[in-house]
Colleague: 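Structure below; questions to follow.
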Amino acid sequence: MTELDGRTALVTGASGHLGGAVCRALAAQGARVVGTYRGGAERIQALADEYGVIPHQVDLSDGTAVAGLLPAMTEVAGALDILVCAHGVTERRPVVTARPGSDAGDLWRLNVSASVALAGAAGRQMLRRRHGRIVLLGSRAGTHGMPGQADYAASKAALSAWATSAAWELGPFGVTVNVVAPGAVEPDPQAPAVYSDRENQEVVGRIALRRLGAPAEVAAVVAFLAGPGAGYLTGQTLLVDGGARW
């Protein structure tokens, strides 16, 4: 038997670079995995073919779709044991060029509102069963800031604050809530580049391990938090950044 045999996991953003890695890590530990996606059907199909991931297409920027996700998933795969919110968007924009109340709306709706709504709904399910694991994908930007990405950094910081509070509320029911905050990770070859090669080289020079992280290394931390060995770990934001300093 593997650590997550008999457990059911929902991974949002499963067609993404990190979300796909999380699906693979959880499935390798024996979990039944439902993976959500908005685009990237080919990637999801590959996960389904190789790891048995159950695809579920949904637009998480739509509040109605978010509200219906857990009931729909439960019908297909059963009661939820593990939730991993790995969806999200990032954008680079100087603070002085932002238009108050408009530019950050979509980013905040997806990165924060959808994650918090799903985690809250999952928590309600889990507390009745007195067991559960909730893991949110944050970012080192949320703990240390990132020039040009103030809105993104703020959205990830909000997840850490929410997780710390939710951990206190759900802890008495055996439900843990944590955030995994990756630092600089190898870029997704199928997505538009966020940083130039020169910028990536500069970042590597400020990382103790002198390299970018691999998605599988981030996913391994998520899988640990989802398993029985992390039963006494909650309300934490775990940096997975190779010892970065900036």
Side-chain angles (χ1 to χ4, degrees), residues 9-14 16-19 21-23 25-26 35-36 38 58-63 65-67 69-70 80 82-93 103-127 132-146 148-171 175-185 194 213 215 218-226 230 233-241 244:
L10 172 63
V11 180
T12 64
H17 206 32
L18 290 178
V22 170
C23 286
L26 296 180
T36 77
R38 182 168 60 178
V58 63
D59 181 359
L60 294 178
S61 66
D62 180 342
V66 170
L69 176 55
L70 257 63
L80 184 65
I82 301 160
L83 170 69
V84 181
C85 288
H87 67 277
V89 293
T90 185
E91 56 186 28
R92 300 183 70 179
R93 182 177 60 248
D103 286 344
D106 290 340
L107 181 148
W108 198 267
R109 189 175 303 112
L110 192 62
N111 289 9
V112 183
S113 299
S115 295
V116 167
L118 285 172
R124 288 191 293 275
Q125 267 194 21
M126 293 171 178
L127 67 82
R133 301 282 191 264
I134 296 172
V135 184
L136 309 178
L137 262 290
S139 169
R140 191 178 193 279
T143 60
H144 290 73
M146 184 70 69
Q149 295 191 36
D151 290 336
Y152 173 76
S155 73
K156 294 303 185 178
L159 293 182
S160 292
W162 187 90
T164 302
S165 302
W168 275 91
E169 295 185 32
L170 296 175
V175 180
T176 65
V177 188
N178 292 291
V179 175
V180 172
V185 176
V194 177
V218 178
V221 178
V222 174
F224 167 70
L225 291 174
L233 204 165
T234 193
Q236 304 302 308
T237 295
L238 277 68
L239 286 170
V240 186
D241 65 358

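Starting from 1, each residue takes its place in the sequence as its number. Computed over heavy atoms, backbone and side chain alike; hydrogens, waters and symmetry mates excluded. Since the structure is predicted, the reported quantities are computational estimates derived from the model, not experimental observations.
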Colleague: Taking side chain to side chain contact (heavy atoms under 4.5 Å, CB included) as the criterion, tell me which of T36, T12, V11 meets it with H87.
Modeller: T12
Colleague: Can you tell me how far apart CG (D62) and CG (L69) are? Round to the nearest 0.5 Å.
Modeller: 11.5 Å
Colleague: Which heavy atom of L159 sits nearest to which heavy atom of S115, and what is that distance?
Modeller: CD2-CB, 3.9 Å
Colleague: Measure the spacing between CG of L10 and CD of Q125 and express it to the nearest 0.5 Å.
Modeller: 9.5 Å
Colleague: For T164 and G235, work out which heavy atoms get closest and say how close.
Modeller: OG1-O, 3.7 Å
Colleague: I'd like to know whether R38 forms a side-chain contact (heavy atoms from CB on, under 4.5 Å) with L60, so could you lay out the CA-CA distance, the side-chain angles of the two residues, the decisive distance to 0.1 Å, and finally the verdict.
Modeller: CA-CA 8 Å; R38 182 168 60 178; L60 294 178; over 6 Å; no
Colleague: Please give me the minimum heavy-atom distance between I82 and M126, naming the atom from each residue.
Modeller: N-CE, 3.9 Å
Colleague: Among V112, V179, V84, V222, which residue satisfies the side chain to side chain contact (heavy atoms under 4.5 Å, CB included) criterion with L136?
Modeller: V179
Colleague: Are a donor atom and an acceptor atom from the side chains of T176 and T234 found within less than 3.5 Å of each other?
Modeller: no
Colleague: Please confirm whether the backbone N or O of A244 pairs with a side-chain atom of R140, one donor and one acceptor, at under 3.5 Å?
Modeller: yes
Colleague: L80 versus L83: any side-chain heavy-atom pair under 4.5 Å?
Modeller: yes
Colleague: Measure from the side-chain N and O atoms of K156 to the backbone N and O of L137, and report whether any donor-acceptor pair falls under 3.5 Å.
Modeller: yes
Colleague: Which atom names give the shortest non-hydrogen contact between V66 and A117, and what distance separates them?
Modeller: CG1-CB, 3.9 Å
Colleague: Do L70 and L118 come close enough that some side-chain heavy atom pair is under 4.5 Å?
Modeller: yes
Colleague: Does any non-hydrogen side-chain atom of P182 lie less than 4.5 Å from one of L18?
Modeller: yes
Colleague: Looking at every non-hydrogen atom in both residues, tell me the closest pair between A230 and L225 and how far apart they are.
Modeller: CB-CA, 3.6 Å
Colleague: Under the side-chain contact (heavy atoms from CB on, under 4.5 Å) criterion, do H144 and L239 qualify, and how do the steps go?
Modeller: CA-CA 11 Å; H144 290 73; L239 286 170; 3.7 Å; yes
Colleague: Determine whether a donor-acceptor pair (N or O, by modelled atom type, separation under 3.5 Å) exists between the side chain of S139 and the backbone of A181.
Modeller: no
Colleague: Quick one: does L107's side chain get under 4.5 Å of S155's, heavy atoms only?
Modeller: yes
Colleague: Taking all non-hydrogen atoms of both residues, which atom of N111 and which atom of Y152 are closest, and how far apart?
Modeller: ND2-CD1, 3.8 Å
Colleague: Hey, does the side chain of N178 reach the backbone of L233 with a donor-acceptor pair shorter than 3.5 angstrom?
Modeller: yes
Colleague: Q236 vs S160, test: side-chain contact (heavy atoms from CB on, under 4.5 Å). Steps then yes/no.
Modeller: CA-CA 8 Å; Q236 304 302 308; S160 292; over 6 Å; no
